[in-house]
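As the structure is a computational prediction, the values presented were derived from the model and not from experiment. Throughout, protein chains are lettered first and strands after them, A, B, ... in sequence-line order, and every chain is numbered starting at 1.
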Amino acid sequence: MPSSRTLKPAPVSVGVSIPKLEAGEKVTGRARYVDDIAVPGVLHGRTVRSTVARGRIIRVELDPAFDWRGVVIADHKDIPGENVVALIADDQPLLAADEIRHAEEPILLVAHEDAERAEAARMAVRVEVEPLPAALTVEDALARTALVHGDDNVFKEITIERGDVERGLAESDLVVEGEYRTGWQEQLYIENNGMIAERDGDGLLVRGSLQCPYYVHKALMRIFALAPDRVRVIQTVTGGGFGGKEEYPSMIGGHAALLAWKSGRPVKIVYDRLEDIAATTKRHPSVTRMRVGVMKNGRLVAVDADILMDGGAYVTLSPVVLSRGAIHAAGAYRWRDARIHARAVATHTPPNGAFRGFGAPQTLFATECHLDRIAERLGMDPLALRLANAVRIGDVTPTGQVLKESVGAVDVLTRTAAMADWTRTRERLTRENAAAAAHETRRHRRRAAAPRPGSAPAPSARRLRRGIGLSLALHGAGFTGSGEVRLASRAAISLGADGRPVILTANTEIGQGTITAFSQLVGEALGVPPSFVIVHDPDTRAVPDSGPTVASRTVMVVGGLLEQCARAMRERLELFAETPIAGADEFRRVAKRFLRERGPLKIERQYEKPPGITWDDDTYRGDAYSVFSYAGCAVEVEVDLDTGETTVLNVATAHDIGRAIHPVLAAGQVEGGTVQALGWALLEDVRWKDGRVWNHQLTNYIIPTSADTPPIHVEFVDDPYTYGPRGAKGVGELPMDTPAPAVVAAIAHATGVRADEIPVTPERLLAALAAREKS
Amino acid sequence: MSRIAVTFTLNGARRRVRVAPMKRLLDVLREDCALTGTKEGCGEGECGACTVLIDGRAANSCLIPAVHADGATLVTVEGLARRGGALSALQQAFVTMGGAQCGICTPGILVSAQELLLRSRGRVPGDAEVREALAGNLCRCTGYQKIVDAVRAAAREAMPARARAARRAPKARATAKARRTAKRARRAR
Ligand code: FES
Ligand code: FES
């Protein structure tokens with residue numbers, strides 16, 4: 001291959017934070033999100049939903065007093081194909097026919113030209129339901145108070161075993177037990193879900209806010225019994241996803257399309273916040289029981305984990321969420337013996353689904369909290385305990401995966417500890433807390449001796465404690481197990497008529513900077529600046545199926561394919577030109593000549609697993625992921641002992657993501673993920689009443705604001721991965737894994753009380769503090 | 001339904017619209033004026049995605065009936081660029097520093113930040129001050145760090161060069177020349 005690099009240096013952009021290419025339209029207000037698109041003649045669709053958790057539909061009645069002119073109505077009988085939202089299992093209907101399995105389940109659709117009339121029509125539909133007893137909690141479901149799924153209410157059960165756990169526990173100096181719980185979490189993208197559907201010749205065109213165009217495509221083919229080329233799905237500019245727009249857009253897209261199919265008019269369904277929170281998917285809540293055997297010197301021996309996740313009423317993605325959760329449950333540590341048993345349970349609640357981290361934050365929360373409990377029992381520093389047991393190259397995970405390269409666990413811990421000045425900060429805060437306690441006791445005695453009636457406590461009388469906590473996590477990049485092999489993603493680059501390279505993938509920009517990172521990777525491999533590269537809209541008519549935009553796979557897996565395409569394209573063009581190409585002008589000249597003389601050029605590559613990777617789905621043995629990313633996180637908090645309020649003062653976090661393609665965007669991912677995790681740990685509490693979310697508003701479902709958010713210090717540990725493009729591994733989900741257990745550890749350091757359940761709301765913490773006082 | 005005529009100055013131009021009495025300003029901007037840069041995230045005054053400037057003050061346009069804006073001067077995200085369409089220092093800082101991820105909160109955040117910059121002209125607001133000023137604008141993507149950094153960078157940019165030098169001087173290891181410039185700048189103030 002002719003080497004241009006010796007002649008002219010290739011423009012370097014990978015590893016450099018160029019201005020984000022997709023940002024220009026967003027800071028001017030020009031970017032068109034789904035609700036910004038004007039569609040002539042559009043009808044506004046609304047969804048009639050169940051108000052009960054379980055029941056049988058007796059009758060649907062249209063209020064005779066209502067003026068139904070101009071209202072389009074559709075129910076399950078209007079579905080031309082199958083009444084199913086195709087995903088892993090085919091158990092979820094597009095519209096309930098007679099059985100209702102959860103509150104907010106869609107039953108009927110209405111649409112009208114006027115959005116207010118459409119809403120009024122929705123209210124004028126009366127659904128008579130015979131209510132049936134429901135299993136609303138995991139406990140109920142396991143006790144089979146009512147059957148949701150099969151004869152045991154278990155969607156999926158996984159066991160991972162290595163060594164002999166019982167022997168390991170028996171041989172350990174100490175066995176520590178604990179139980180940890182995590183709550184639901186709403187993705188809370190600021191742009192609510194929305195889709196626009198219209199008839200397109202003899203097929204369908206569906207556009208909207210979504211992460212995975214080919215998921216929607218697949219679902220629509222089944223619902224309408226249409227061939228692949230008659231369904232076209234295009235992603236519009238998307239205002240955040242975090243997993244929340246992974247599977248649910250298939251449902252909304254199906255609804256909008258059904259109304260459009262029936263009426264022959266374009267139909268737009270855009271949820272408002274209430275409907276979005278109440279009806280769409282959330283993070284799976286979890287309960288994890290841990291038993292860990294450890295030697296007195298701090299060497300971890302055996303882990304026995306039992307995991308329960310609440311999947312809700314339909315299978316959706318629960319089996320794979322559970323799978324990722326189970327595989328991550330052993331944390332970033334070396335164990336001789338491990339047994340991980342995990343179940344996803346069905347309840348009569350709205351299905352839970354994908355949310356950044358996909359099961360791993362839940363189980364890592366348990367593991368990391370447990371590590372702190374163990375450190376306390378051993379009288380050991382939590383950092384030292386982690387350092388002693390963190391995985392290194394050559395270590396083996398519970399699935400039998402040998403960690404061969406790019407294992408940054410020790411590095412991220414060391415960096416995090418240095419950034420937080422761990423040892424000194426911890427000692428200082430311990431001293432300050434002791435001093436504060438002593439001061440309060442003295443003041444209390446003085447007051448008791450000479451009470452001043454009616455005097456309010458001075459502001460300085462606030463009883464505050466500070467603490468610092470730390471955590472470590474790993475996160476597998478890409479689909480779990482043989483997922484990537486089965487996906488067999490394809491990505492391509494073609495030459496546009498103007499001689500510029502065009503990236504063709506189904507991967508969506510939802511804020512992470514996909515367009516920028518892809519342009520950098522391709523630009524660098526082609527020897528042109530990133531701004532010269534065009535990224536085609538994710539449009540199923542034009543782009544190959546490069547798989548969903550999930551699982552931290554976009555840069556590592558699809559970016560890797562694109563890099564191969566770009567290299568091959570450059571080689572083709574250089575052979576054709578018989579000269580090396582460097583720079584946009586030269587590229588354009590050669591490309592145009594190629595198009596004239598040879599015709600169109602498109603280079604496509606399909607995923608092939610890196611060498612030496614094996615996985616067995618039946619036994620859960622082998623390489624669960626081609627590689628893991630690692631993160632350490634230290635959090636400093638202040639707790640008000642009287643209000644139970646926790647304020648996060650500082651976060652320091654170091655990440656090993658191989659190599660950062662764009663350090664600023666990568667840091668943005670880390671900061672955003674960190675704050676979502678802080679919300680999960682402290683604020684975000686989904687409240688239920690009779691199987692329905694009652695706090696489905698931004699006034700009562702609280703997420704962090706800028707004023708509650710501390711400065712976040714991010715560093716990257718450079719440890720390139722051979723099979724990632726330019727050494728990159730995944731980054732998107734990893735920052736969700738570490739902050740919550742670090743917060744809990746920091747609260748424990750501040751107060752001496754260990755919260756084993758998140759969110760640690762003031763009420764929960766006050767109850768724990770009161771319980772300690774009593775004992 | 002009866003309609004009411006409302007007149008306001010929108011991004012520098014006079015506009016007259018006829019609207020239903022209770023129509024929200026947000027909808028009038030998006031539908032009647034076809035300016036879809038202003039977003040709706042909640043419709044109840046919590047998320048700030050709908051923030052616009054009304055007579056220089058940031059307000060949630062989802063809570064305000066358009067009739068209340070009669071006679072007012074309004075600025076939306078579409079009105080933030082410089083004349084001729086070049087990005088303002090604030091917009092540019094968001095692009096280069098990663099202040100916009102999915103971008104749905106960005107219009108509202110830029111407008112709130114613009115109000116802050118107008119208020120603190122000639123001075124770079126501190127980290128906590130920026131966080132306080134933006135506390136009514138939710139962002140789920142960025143974790144706020146890069147937003148705060150971008151706002152402060154834009155404020156720094158907007159300061160006259162001499163004032164900037166004066167501020168920097170005490171911190172930097174000042175050369176004789178820098179110290180002279182700083183002194184001049186202080187005197188000039
Ligand atoms: S839409 Fe106005 S504050 Fe959320
Ligand atoms: S950038 Fe997505 S909500 Fe702020």
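Chain B forms the most heavy-atom pairs under 4.5 Å with one residue out of Arg32(A), Glu22(A), Arg273(A), Lys26(A), and that residue is Lys26(A). Between chain B and the options Thr705(A), Leu21(A), Val664(A), heavy-atom pairs under 4.5 Å are most frequent for Thr705(A). Note: Gly672(A) leads Gly673(A), Pro710(A), Gly679(A), Gly672(A) in heavy-atom pairs under 4.5 Å with chain B. Of the listed residues (Gly136(B), Gly48(B), Cys105(B), Cys141(B)), the greatest number of heavy-atom pairs within a distance under 4.5 Å of chain A belongs to Cys141(B). Per-residue heavy-atom pair counts under 4.5 Å with chain B were compared for Ile37(A), Leu188(A), Val675(A), and the maximum is reached by Leu188(A). Heavy-atom pairs under 4.5 Å with chain B were tallied for Pro711(A), Gly513(A), Ala31(A); the largest tally goes to Pro711(A). Taking chain B as the reference chain and counting heavy-atom pairs below 4.5 Å, the highest number among Ala23(A), Pro735(A), Ser17(A) is found for Ala23(A).
Salt-bridge annotation for Glu671(A) and Arg140(B): absent, with no side-chain N of the basic residue lying under 4.0 Å from a carboxylate O of the acidic one. Under a 4.0 Å N-O distance rule, the pair Arg131(B)/Asp708(A) does not qualify as a salt bridge. Between Asp35(A) and Arg30(B) a salt bridge is recorded (basic side-chain N to carboxylate O distance below 4.0 Å).
Inter-residue side-chain proximity for Glu78(B) and Thr28(A) is flagged as unmet; no heavy-atom pair is nearer than 4.5 Å. Under the 4.5 Å side-chain criterion, counting only non-hydrogen atoms from C-beta, Ile510(A) is not in contact with Cys102(B).
With values rounded to the nearest 0.5 angstrom, Ile190(A) atom CD1 is found 5.0 Å from Leu138(B) atom CG.
Atom CD of Glu31(B) has more than 12 neighbouring heavy atoms from other residues, nucleotides or ligands inside a 6.0 Å radius.
Residue contact with chain A, scored on non-hydrogen atoms closer than 4.5 Å, involves the side chain of Leu110(B) exclusively. Heavy-atom distances place no part of Thr674(A) under 4.5 Å from chain B, backbone and side chain included. For Asp272(A), no part lies near chain B; criterion is any non-hydrogen pair under 4.5 Å. Using a 4.5 Å cut-off between heavy atoms, Leu134(B) touches chain A through backbone and side chain atoms alike. Contacts between Lys39(B) and chain A at a heavy-atom distance below 4.5 Å involve the side chain alone, from C-beta outward. Looking at Glu509(A), only its side chain comes within 4.5 Å of chain B, counting heavy atoms on both sides. In this structure, chain B has no heavy atom under 4.5 Å from any part of Leu665(A). Contacts between Ala38(A) and chain B at a heavy-atom distance below 4.5 Å are absent for every atom of the residue. Proximity to chain B involves both the backbone and the side chain of Gln669(A), based on heavy atoms less than 4.5 angstrom apart. Neither the backbone nor the side chain of Arg30(A) comes within contact range of chain B; no heavy atoms are under 4.5 Å apart. For Pro704(A), the parts sitting under 4.5 Å from any heavy atom of chain B are the backbone and the side chain alike. Contact of Val27(A) with chain B is made through backbone and side chain together, with heavy-atom distances under 4.5 Å.
Ser706(A) places a side-chain N or O within 3.5 Å of a backbone atom of Ala135(B) that can act as its donor or acceptor partner. One N or O on the side chain of Lys20(A) and one on the backbone of Ala100(B) form a donor-acceptor pair closer than 3.5 Å.
Shortest non-hydrogen contact noted between Cys42(B) and Leu698(A) is CB-CD1, 3.5 Å. Counting all heavy atoms, side chain and backbone alike, Gly668(A) lies closest to Gln101(B) at O-NE2, 3.1 Å. Residues Gly41(B) and Asn192(A) come closest through the heavy atom pair O-ND2, 3.6 Å. The two atoms that bring Ile104(B) and Tyr33(A) nearest to each other are N-OH, 3.4 Å, heavy atoms only. When every heavy atom of Gly29(A) is checked against every heavy atom of Val77(B), the shortest pair comes out as CA-CG1, 3.8 Å. Contact between Glu44(B) and Gln697(A) at its shortest, heavy atoms only, is OE1-NE2, 2.9 Å.
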